[in-house]
*Asks:* 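Below is one structure. I have some questions about it.
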Amino acid sequence: MATVRVVGTEPLLPHWTDRMGPESWPHWGRLQATLRANPRWKPHQIESVTSESLRVLRHLRDPLRPAPFQGRGLVVGYVQSGKTANYTAVAARAVDAGYRIVIVLSGIHDSLRTQTQLRLERELVGSQAGIGGTDGPGREWGLLTTATEDFRECDPGVLQSDAAFLVVAKKNVSVLARLDRWLEAAQPFLSDRAVLLIDDEADQASINTRGNRASDPAVCEDEEDDGPPPSRTNELIRSILGRIPKASYVAYTATPFANLLVNPAAADREVGDDLFPRDFVVQLPRPDGYTGTEELFGASAQGRDVLRPVPDDDVRALRPARRRKSAEVVLQAEQGALPGSLREAILAFCVAGGVRSLRPSLDGQPHTMLVHVSQRIEDQERIADAIREQVELWREADRQGQRLEPLFQEAWEAFRASVDAPADDAAVVRASIAVMRRLVILVLNSVTGEDLEYEEKPGRHIVAVGGNRLSRGLTLEGLTVSYFLRTTAMCDTLLQMARWYGYRSGYEDLIRIWTTDGIARWFSELALVEQSMRDSIVALGRAGRRPDQMAIRLRGHSSLLLTARNKSSMAVARQDSWSGEHPQTVLLPLSDPGRLQANRALADGFLASLPAALPCHGGLLLRDVAPEAVCDFLRAYWVHEEVVAFRSDLLADWIAERAAAGELTDWSVFVASPGEAPRQASIGGLRVGLARRSRVSSESIGILTDPRHEGVDLPDGPDAYRRAGGSYDADAMRGARPPTQGLLIVYPLDPEPLGVTSTDAVIALALSLPNTSDSATKWIVNSGVSDG
DNA sequence: AAGCAGAAATCGCGCAGTAG
DNA sequence: CTACTGCGCGATTTCTGCTT
């Protein structure tokens, strides 16, 4: 088992960045001025970039120290949350501080590299390009790549110049190999020149998916114990870093799971240490206007049904199970009949387009629907043809003067729940039909090579049918409706989830996702685990600890994500601390009346045994509960069989262990009871209102907890922990929680929106847990890659 | 049932051929 | 001589089918 006990933390030293005075940031000052001149940058955003880039810089090593160093770090952002802005600022500050070469690895696609190059030339380099002239403050820049050309070898002698050098390279084997050779040739000039290597999209291609050659060649002369070499891209990055005496490597990503599960001890004979971020992990703040789990599935979604089910029959119709044997038969049988759910989704897309066109801020902006059913090109063509046929049918009817209004009226009625209607129904329906007339259907894959052309042809309503090219490379602008049927790979689901998030200002209420029950079921749990991981990175930063000294909580991912990603080579040991977390039941045994009734009866007995209840904050608070009572309750509670985020037996064991150590000894139980609830129930002699949560799949709900409830037992109540905007900051509440004090929140849910008839209240649970002393003692390790 | 090998999909590089 | 284009190849990842 990989359990490590930390004996102590290093004392905080004064930071080397303290030597930087306000006058010593010429490059950063210029970049900041550029941002201020751009009206798209609001003052508080510039403020955020300023402080966050300094925060990252402080984690880098001092470039002026003579001793060699190899820094490794990770910066975690949200999708489209200004990661590029952050590393541009970090690069500017790093050059000011004395770094001499900045290498940016910008993903694996050429289009992204060009984009990044242009942006860095504009913002970072400005007018100081070219080696020579010494005008202006600070150093000028030497560019080793251009917008049209990736890195090519040149005379390493240019490094003798006093300029700062910029390389924007793609993570491609031949490009990186050239860079590697060039750095080898440049060896004599590198000894005193510190290099900052920024690895954008670090979860792609940079991860070692193969192995490491044993560190001591003498031990294994024969090929037996010698592992396979690392995957090529990973090997080259490590080789490049190895050639640089003073190197800081910073990985940027929005989905850092694989990066954090790299074995910190992994090393290879030829290219040395793997890329585990052993020095720091930084979580960038969540940008405002960002649409995430809470907005789409939590309390602020206000009963909108974002996830729509796709029946199994439709899945079968769209994905022929057999390829070789009966491909022709399937083609014959499937004459253009569009499954009902896909038809519905396209109508919904037209309606969403209609609503958008009636909102002045969105009219004329690009609008996209994503259809991802199969990665096989022929399937994509077939589905696109079927969609075209259906749309053509509507258009023909339209031309012949048939009334399409009832059809679109129906679609609008199914869509309109808690959508801010911009006009009366008839106008929305008319606008929707107008969108249908202009619908563009594109197939995006390597064969068709079609492009979305947002720049050239603005204001289109695009139905994009595609495979991998859609789920990875391309940015979909104005994405509202998705039709997504990838049933197997969970990490794809997570990547996909990331595309529904991001800036959706002005139309976050129009987002709808058609998907299978299977995907929807895992969806909210994945979202919780992701949030838990971000929380723990923030906690790690606050505690001033290094990544390998503290648990990065990835419970659940081990089974959900990584097994799917690389089954054989990544075995993961689990850690068992819930310190500072807020586990909750989002997957409920809704199809098992026996369990629901047992939980109902259990809650009855439990609450009746507790001391008097005090009404407050939208519920009833029961104080002074013994930890044993909570443990017994949790052990007797029936969870859904497939649950990973709320394992009640493990939680009970952990609480008992903490209680024995003098923590988590003082419990409160809070029963949520919204005053405005349409229905009530009597549980344990308490009259409570039933909270309403909608289903996202047959057995799971979106987000259970109301952030406000996590602070009901704190001295000042939840109202002391509100953000500027008025929302409740549940993280702050958990942070303020004394280590002795735990909170169990019982949510009696209204069975009606859950489609349950076997009981009068579905009992769901959540816990709010303080930071406990064991949070640093156990950690996850990926033990598969090198020390097998 | 689990694990492994091979196929398929996708994308970019590099080379060779061709047109101007 | 230079620029464009088509084609083959390698890298990476996921899915499928076969074997044990």
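Protein chains get the first letters and strands the later ones, always in sequence-line order, with residue 1 at the start of each.
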*Asks:* Closer than 4.0 Å, any side-chain N/O of Lys170(A) to the OP1 or OP2 of dC13(B)?
*Replies:*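 Checking dC13(B) against Lys170(A), a side-chain N or O does come within under 4.0 Å of OP1 or OP2.
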
*Asks:* With sequence neighbours left out, what residues match Asp199(A) under salt bridge (charged side-chain N to carboxylate O under 4.0 Å, His left out)?
*Replies:*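 Asp199(A) satisfies salt bridge (charged side-chain N to carboxylate O under 4.0 Å, His left out) with Lys171(A) only.
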
*Asks:* Could I get the full list of side-chain hydrogen bond (donor to acceptor under 3.5 Å, both in side chains) partners for Ser248(A), not counting sequence neighbours?
*Replies:*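 Result, side-chain hydrogen bond (donor to acceptor under 3.5 Å, both in side chains) vs Ser248(A): Tyr99(A).
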
*Asks:* Expressed as a whole number of angstroms, how long is the span from Leu176(A):CG to dC11(B):C1'?
*Replies:*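 Rounding to the nearest Å, CG of Leu176(A) and C1' of dC11(B) are 15 Å apart.
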
*Asks:* Hey, which of Val75(A), Val250(A), Leu74(A) is the one that makes side chain to side chain contact (heavy atoms under 4.5 Å, CB included) with Pro277(A)?
*Replies:*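 Testing Pro277(A) for a side chain to side chain contact (heavy atoms under 4.5 Å, CB included) against Val75(A), Val250(A), Leu74(A) leaves exactly one candidate, Leu74(A).
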
*Asks:* dT13(C) P sits how many Å from Lys171(A) NZ, rounded?
*Replies:*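 One finds 10 Å between P of dT13(C) and NZ of Lys171(A), rounded.
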
*Asks:* In whole Å, I'd like the distance from the CG atom of Leu236(A) to the C1' atom of dG10(C).
*Replies:*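 About 13 Å, once rounded to whole Å.
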
